[in-house]
Amino acid sequence: MVKDYNKNNFQILFGKRIKELRKNKNLSLRELSQRCNLDYSDIAKYEKGEVNIQLSTIYELAKGLQISPKEFFNFEFNFHTD
């Protein structure tokens, strides 16, 4: 069974990836929020890994960043099943 730590770590890494993609587009949180119909404070929570993100939110972020949703998952992650 995968420990909760791994789930939280995955969420944090996913959030860092969102932030990286946003910064690569030179967008502020407010600019991205205007592009994708999400509140900027919610985007900040996703970037910090504080909130478990929904598929519909991934869709909105991809639309706002003008990228394929699969780009969010382009990061290294190792599963530990201890």
Side-chain angles (χ1 to χ4, degrees):
M1 176 187 287
V2 177
K3 294 183 178 182
D4 286 343
Y5 168 79
N6 287 332
K7 291 177 188 176
N8 292 337
N9 193 34
F10 182 84
Q11 197 167 299
I12 290 167
L13 291 172
F14 189 86
K16 286 181 179 182
R17 181 68 177 148
I18 294 170
K19 185 173 185 175
E20 176 185 13
L21 292 166
R22 176 178 62 79
K23 295 277 189 177
N24 287 345
K25 297 279 186 171
N26 295 313
L27 294 172
S28 69
L29 286 169
R30 289 184 189 265
E31 289 170 328
L32 179 56
S33 73
Q34 291 171 346
R35 288 180 167 205
C36 63
N37 198 29
L38 296 170
D39 190 84
Y40 75 93
S41 63
D42 289 336
I43 297 172
K45 291 175 188 173
Y46 300 132
E47 288 185 355
K48 293 175 187 172
E50 296 175 350
V51 178
N52 195 3
I53 197 165
Q54 295 182 356
L55 284 174
S56 59
T57 304
I58 293 171
Y59 168 82
E60 286 295 328
L61 288 169
K63 183 176 73 172
L65 291 168
Q66 298 177 330
I67 62 171
S68 171
K70 71 179 181 178
E71 293 298 316
F72 291 115
F73 297 94
N74 190 14
F75 62 91
E76 291 293 321
F77 182 78
N78 294 315
F79 290 94
H80 299 284
T81 57
D82 298 331

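We number each residue from 1, following the sequence as shown.
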Q. Hey, mind stepping through L61 and L38 against side-chain contact (heavy atoms from CB on, under 4.5 Å) and telling me if it holds?
A. CA-CA 8 Å; L61 288 169; L38 296 170; 3.8 Å; yes

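- Using cut-offs of 30° and 60° for the angle between ring planes, the F14 and F75 rings count as perpendicular.
- Annotation for K25: atom NZ counts as buried by contact number, over 12 foreign heavy atoms lying within 6.0 Å.
- Across T57, N52, V51, a single residue satisfies side chain to side chain contact (heavy atoms under 4.5 Å, CB included) together with Q54, and that is T57.
- With values rounded to the nearest 0.5 angstrom, E50 atom CD is found 10.5 Å from D42 atom CG.
- Not one N or O on the side chain of K19 forms a donor-acceptor pair closer than 3.5 Å with the backbone of E47.
- Listed here is the closest heavy atom pair of G64 and L27: O-CD1, 4.4 Å.
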Q: Give the intermediate values and the outcome of side-chain contact (heavy atoms from CB on, under 4.5 Å) for residues N24 and L65.
A: CA-CA 10 Å; N24 287 345; L65 291 168; over 6 Å; no

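- Taken to the nearest 0.5 Å, the CD atom of E71 stands 10.0 Å off from the CD atom of E20.
- When the options K45, R30, Q34, E31 are evaluated for a side chain to side chain donor-acceptor pair (under 3.5 Å) with Y40, the one that passes is R30.
- Residues Y59 and L32 fall into different hydrophobic clusters, defined by Ile, Leu, Val, Met, Phe, Trp and Tyr side chains chained together at heavy-atom separations under 4.5 Å.
- Under the 4.5 Å side-chain heavy-atom criterion for ILVMFWY residues, a single connected hydrophobic cluster contains both I43 and I67.
- Remark: K63 engages E60 in a salt bridge, criterion side-chain N to carboxylate O under 4.0 Å.
- In the hydrophobic clustering of this structure, L21 does not group with I12; members are Ile, Leu, Val, Met, Phe, Trp, Tyr whose side-chain heavy atoms approach within less than 4.5 Å, directly or through other members.
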